[in-house]
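See structure below.
Throughout, a chain's letter reflects where its sequence line sits, starting with A, and its residues are numbered from 1. Keep in mind that this is a model prediction, so the values were computed, not measured.
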Amino acid sequence: MAPKVLMVAEKPSIALSIASALSGGRMSSRRGSTDVHEFESMFQGFHAQFKVTSITGHVFSVDFPSTYQNWQVTDPVDLFKAPVLKLESNPKSHIRRHLSHEARGCNYLVLWLDCDREGENICYEVIECTGFDENEAGRKILRAKFSSVTEKDLLIALENLVKPNKAEALAVDARQEIDLKVGVAFTRFQTSYFQGKYGNLDSRVISYGPCQTPTLGFCVQRYMQMTTFKPEKFWSLNLHIIKDGHELRLEWERDKVFDFDVAVMFQKLVLDGNILEVTYVSKKEESKTRPCGLNTVDLLKVASSALGLGPHVAMQLAEQLYTQGYISYPRTESTAYPATFDFSTVLGAQLSNPLWGNLVKSLLADGFNKPRIGSDAGDHPPITPLRAANEEMLGNDAWRLYQYICQHFIGTVSPDCKYTRTKIEFAASGEIFHCIGQHVSTKGFTSIMPWMAISEKNLPHFMKGEKINILNVELHEGCTAPPDYLSESELISLMEKHGIGTDASISVHINNICERNYVQVNSGRRLVPTALGTTLIRGYQCIDADLCLPDIRSFIEQQITLIAKGKVDHVHVVHHVLQQFTQKFLYFVKKIENMDVLFEAQFSTLAESGRLLSKCGKCTRYMRYIATQPSRLYCISCEEVYYLPQSGTIKLYKELACPLDGFELVLFSMAGPDGKSFPLCPYCYNSPPFEGIDTLFGVIKLGNSGKLGKGAGMPCFLCPHPTCRHSIITQGVCACPECMGTLILDPVSAPKWRLYCNMCNCMVSLPHGAHRISTTGKKCPDCDSTIIEVDFNKKTTPLGDGATLHSGCILCDDLLHSLIEMKHGKSFFRRGRGRGRGRGRGGRSRGRGGFKLEDPKMSFRDF
DNA sequence: GCAAGGTC
């Protein structure tokens with residue numbers, strides 16, 4: 001039987017290229033989690049059946065077990081020693097199931113992941129999913145090494161399959177674990193510490209990361225240079241002459257001096273001599289070289305500085321252009337084209353362009369230049385256009401980005417720009433002056449990239465030894481100026497230089513520090529650090545400057561490189577690095593007050609922030625509501641913070657209190673005109689009373705998304721399952737007749753509903769056949785308790801035909817009594833003992849306490 | 001609620 005070969009690529013586009021190349025275009029494709037291409041061909045000397053499919057980047061990502069997920073319970077320092085789980089990154093895409101299914105019955109697994117460390121790591125993720133075993137007899141795992149996806153390179157790779165490199169994969173495992181533990185530990189600690197003290201930090205989370213923090217560090221460093229800059233006055237000489245009827249200004253060789261008297265002395269010296277002699281005339285052929293291929297970092301820099309598009313947006317647009325087939329893969333480090341690159345075809349696609357079609361035509365006719373040799377990172381070819389496009393097809397921003405990619409590509413195959421540079425030097429009383437002229441002979445690539453053009457400057461003719469009269473010598477006073485805020489483009493260069501982030505992640509880190517409110521993008525796309533950003537960096541500098549220096553990333557990289565090279569065991573390296581970071585963390589915690597004094601000077605404490613809103617259940621005093629993110633309540637006397645759901649508004653809810661803890665309920669309304677509202681208890685929201693349930697009285701998940709959103713409703717808090725149809729008595733405001741505690745609808749007994757009170761463990765049965773219980777929002781005129789509605793299902797009701805909806809007060813028999821009696825002849829509820837809403841506060845009861853459904857003594861009245 | 005790295 002013909003052997004079966006499963007091939008897996010890192011992304012769908014590569015799987016398609018591989019299948020087309022190996023099958024000669026004769027394959028069939030079917031849809032799956034990712035597409036599968038099937039064909040038959042020769043493999044290792046045999047006729048074989050091939051399947052080529054792909055994943056979409058990493059299949060797994062690392063995280064902590066659920067026992068470490070609670071911020072209140074877990075001490076961040078414990079995270080350094082915590083176990084780490086690999087979980088499917090995107091469970092909904094079912095990549096794992098897909099690979100496992102496709103691998104069934106296959107004899108060979110060929111891994112076509114990108115040829116870098118991350119790719120090597122993903123190889124082992126794929127192996128894990130397919131169930132292949134390296135030591136298994138009869139099944140083989142092979143790795144294809146390729147530097148481009150041209151047919152030729154892919155066929156060569158197929159002939160030279162190797163084994164995947166475990167050491168490189170382990171280096172990535174190490175990086176993942178270190179990044180996770182360090183990032184999460186510091187983030188949780190400093191978030192809890194500062195959010196628990198200050199009210200106007202205006203960031204949901206005070207994050208720390210070995211990439212994002214040094215990125216912020218660069219912005220703040222420039223800001224510090226600006227604020228500490230001391231301007232200095234300087235003076236220079238502007239010397240003018242007239243030659244062939246043209247006035248000409250000459251540059252002073254000394255440029256500027258910082259002493260006024262010295263400047264005046266030079267001015268006098270030159271004026272007294274009054275004659276200028278040409279001492280040197282040079283004329284040189286110069287050239288400005290055409291660009292190398294375009295990589296991601298250069299694209300992002302141009303997008304920011306010339307097109308005004310931020311890196312995050314630029315990457316989104318590039319991604320869109322790529323998936324629509326207008327450009328090649330946009331995430332690459334390489335500026336060198338592969339040897340087999342087909343320039344004519346790429347150029348040919350641009351012939352129809354109205355702006356540069358003619359230029360392309362002449363390049364194709366006259367023979368275009370081979371691009372300059374750039375650097376080959378072994379990942380993907382430089383970014384080039386593929387299909388022709390116009391503005392209508394792409395939309396303005398995508399079109400401008402596409403246009404640049406085209407111009408750059410055409411530039412790379414155009415001639416260099418050639419020009420003549422003339423320099424004339426003059427002397428006057430021993431002082432040297434000069435002027436420079438430029439004349440372009442070949443525009444070359446600057447025709448298509450006009451912003452790179454050499455400016456023409458014609459000079460009159462000068463002869464060596466020629467003497468010229470000085471027209472005047474002006475003393476110009478200037479002042480040194482501080483540098484401007486760091487531009488995005490400069491930041492990208494710094495990140496690249498220091499190895500912070502990768503081509504794919506640089507834009508993410510910059511976006512992160514913006515979203516966390518550490519920097520703001522100013523006009524001209526310059527990054528202005530916020531008070532929060534500068535305070536954080538100044539704080540790290542006070543405690544441990546390493547934490548915000550780029551070396552922190554290079555240290556990790558250098559350590560894991562030892563693993564990749566097989567020099568040190570990965571467990572040892574991880575242990576060693578984490579031990580160092582644990583020490584740094586403990587020292588940071590110990591010295592946090594040094595950072596805190598900076599925060600104190602900059603921000604308002606929680607006690608000074610927000611406004612009084614709702615009562616604390618512990619001290620019964622009003623708590624302050626802080627609306628800036630993260631929105632929360634702060635009790636000044638208890639010094640406790642209660643976080644609230646974000647992105648919405650909060651107001652007091654009917655002055656009702658939660659029966660479990662006495663905290664006043666608040667109403668959360670989601671943002672937007674149709675935003676739903678949910679009542680919630682601030683205490684329960686922060687520490688859910690029932691295990692596995694997000695919160696009592698409102699909020700949180702419903703629907704498949706598991707998030708608040710369109711279609712979300714109030715869940716049954718007894719049964720957290722999203723499809724549970726049990727409703728709770730709305731907002732739980734019906735009071736228990738015994739103790740005035742809130743009665744909770746018990747779905748366990750459905751369809752024979754019961755209400756139970758978990759304060760006093762009593763229970764009230766409701767009529768059999770009731771299929772919905774809810775509150776009316778109306779109050780009983782007698783006792784001020786809430787009137788409930790009992791909706792009976794006609795078919796099952798023992799009450800007889802016509803029984804539909806009954807309203808009544810749960811405390812005051814009268815209303816309910818009379819209503820029910822009309823149909824039934826007896827009351828459901830015993831008369832309540834108390835009247836009014838006074839309620840003793842019991843201890844907080846966790847879980848369902850002593851409530852026993854089957855215990856008849858507990859039953860208030862078993863109907 | 002948290003990192004950084006893939007990719008869509």
Side-chain angles (χ1 to χ4, degrees), chain A residues 9-15 33-35 54-64 68-72 74 76 79-80 82 84 86 88-90 92-93 95 113-114 116-123 125-126 169 171-192 194-196 203-215 315-316 318-324 329-331 379-380 495 499-509 511-513 515-516 552-553 556-557 560 581 629-632 641 643-647 685-686 707:
Chain A
E10 191 158 328
K11 40 190 166 284
S13 61
I14 303 236
S33 293
T34 51
D35 290 358
S54 70
I55 50 178
T56 46
H58 276 288
V59 184
F60 300 109
S61 52
V62 288
D63 204 352
F64 295 109
Y68 289 84
Q69 297 293 357
N70 188 322
W71 288 42
Q72 270 124 1
T74 306
L79 294 171
F80 287 102
V84 164
K86 278 204 171 199
E88 215 172 329
S89 305
N90 189 356
K92 280 187 196 156
S93 64
I95 294 289
L113 288 312
D114 289 357
D116 53 17
R117 264 184 213 167
E118 295 294 331
E120 223 55 36
N121 185 269
I122 302 175
C123 281
E125 295 186 351
V126 171
V172 172
D173 279 349
R175 182 198 49 75
Q176 290 177 337
E177 185 172 344
I178 295 164
D179 283 348
L180 175 76
K181 292 186 167 178
V182 173
V184 175
F186 276 91
T187 299
R188 281 196 197 172
F189 169 69
Q190 60 185 31
T191 301
S192 306
F194 293 116
Q195 296 293 19
S203 179
R204 210 162 34 91
V205 60
I206 315 295
S207 59
Y208 175 86
C211 284
Q212 57 172 270
T213 305
T215 302
M315 279 316 286
Q316 283 175 336
E319 182 72 43
Q320 179 195 320
L321 290 170
Y322 160 67
T323 49
Q324 292 171 352
Y329 190 65
R331 287 184 277 263
D379 50 356
H380 300 87
M495 292 174 76
I500 305 293
T502 65
D503 46 22
S505 70
I506 278 180
S507 67
V508 178
H509 299 311
N511 194 46
N512 259 342
I513 61 169
E515 284 202 331
R516 300 281 152 79
I552 205 135
R553 190 78 203 145
I556 297 174
E557 284 297 325
I560 65 162
F581 274 106
Q629 56 167 344
S631 61
R632 66 216 120 131
V641 179
Y643 288 92
L644 296 166
Q646 306 297 307
S647 317
Y685 182 70
N686 283 271
K707 285 180 183 164

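- Ionic pairing of A:K86 and A:D173 is present here: one or more N-O contacts between side-chain nitrogen and carboxylate oxygen are shorter than 4.0 angstrom.
- In this structure, A:I506 places its CD1 atom 17 Å from C1' of B:dT7, rounding to the nearest Å.
- Here B:dC8 presents its C1' atom at 11 Å from CD of A:Q316, a figure rounded to the nearest Å.
- Candidate nucleotides B:dA3, B:dG6, B:dA4 were compared by shortest atom distance to the side chain of A:C211, and B:dA4 ranks first.
- Between the CD atom of A:E557 and the C1' atom of B:dG5 there is a distance of 11 Å, given to the nearest Å.
- Separating the CD1 atom of A:I178 from the C1' atom of B:dG5 is a distance of 14 Å, rounded to the nearest angstrom.
- Within the nucleic acid shown, A:L180 comes within 4.0 Å of at least one base atom, counting heavy atoms only.
- Nucleic acid contact for A:E10: sugar-phosphate only, since backbone atoms but no base atoms lie under 4.0 Å from a heavy atom of the residue.
- When rounded to the nearest whole Å, the span between CG of A:D63 and C1' of B:dG5 equals 14 Å.
- For A:Y322 and A:Y329, the ring centers sit closer than 6.0 Å to each other.
- Residue A:H58 has no polar side-chain atom (N or O) positioned under 4.0 Å from OP1 or OP2 of B:dA4.
- Spacing between atom CD of A:Q212 and atom P of B:dA3 amounts to 5 Å, rounded to whole angstrom units.
- In terms of heavy-atom proximity, A:I178 sits nearest to A:I560 at CD1-CG2, 4.4 Å.
- Put simply, the side chain of A:Q69 and the base of B:dC2 share a donor and an acceptor less than 3.5 Å apart.
- Looking at heavy-atom distances under 4.0 Å, A:R632 makes no contact with the nucleic acid at all.
- The CG atom of A:D116 lies 10.0 Å from the CG atom of A:N121; values are rounded to the nearest 0.5 Å.
- The shortest distance between the side-chain N/O atoms of A:Y329 and the OP1/OP2 oxygens of B:dT7 is below 4.0 Å.
- Counting any heavy atom pair closer than 4.0 Å across all strands shown, A:Y68 reaches no nucleic acid atom.
- As judged by a 4.0 angstrom heavy-atom cut-off over every strand, A:P630 is placed among residues making no nucleic acid contact.
- Residue-nucleotide stacking is present for A:W71 and B:dG1, judged by a side-chain ring centre under 5.5 Å from the six-membered base ring centre and planes under 30° apart.
- Taking the nucleotide of DNA chain B with the nearest heavy atom to each of A:S192 and A:H380, the more 5' of the two is matched to A:S192.
- The residue A:V172 sits apart from the nucleic acid: no heavy atom pair falls under 4.0 Å.
- Contact annotation for A:F64: no contact, since no heavy-atom pair falls under 4.0 Å across all strands.
- Not one side-chain nitrogen or oxygen of A:Q646 sits closer than 4.0 Å to the OP1 or OP2 atom of B:dG1.
- Residue-level contact check: A:P12 touches the backbone only, with heavy atoms under 4.0 Å from sugar-phosphate atoms and none from bases.
- Of all heavy-atom pairs spanning A:D114 and A:E10, the tightest one is N-OE1, 2.9 Å.
- For the OP1/OP2 pair of B:dC8 and a distance below 4.0 Å, the side-chain nitrogens and oxygens of A:T56 include no atom meeting the criterion.
- Comment: A:E319 engages A:R331 in a salt bridge, judged by a side-chain N to carboxylate O separation of less than 4.0 angstrom.
- Considering every non-hydrogen atom in both A:T187 and A:Y208, the closest pair reads OG1-N, 2.9 Å.
- The base of B:dC2 is not paired with the side chain of A:T191 by any donor and acceptor separated by under 3.5 Å.
- In terms of phosphate contacts, A:R331 brings no side-chain nitrogen or oxygen within less than 4.0 Å of OP1 or OP2 of B:dG6.
- Contact check, A:R553 against B:dG5: a side-chain N or O comes under 4.0 Å of OP1 or OP2.
- Residue A:T502 places at least one side-chain N or O closer than 4.0 Å to OP1 or OP2 of B:dG6.
- Regarding A:F186, its CZ atom lies at a distance of 13 Å from the P atom of B:dA4, rounded to whole Å.
- As judged by a 4.0 angstrom heavy-atom cut-off over every strand, A:G501 is placed among residues touching the sugar-phosphate backbone only.
- Taking side-chain N and O atoms only, A:R516 has a distance below 4.0 Å to OP1 or OP2 of B:dC2.
- Picking from B:dC8, B:dG1, B:dA4 the nucleotide with the shortest atom distance to the side chain of A:H509 gives B:dA4.
- Distance, A:E515 CD to B:dG1 P: 15 Å, rounded to whole Å.
- Distances were taken from every side-chain heavy atom of A:A504 (C-beta onward) to each of B:dG6, B:dG5, B:dC2; the shortest belongs to B:dG6.
- Note on A:R175: every side-chain N or O is 4.0 Å or more away from OP1 and OP2 of B:dA3.
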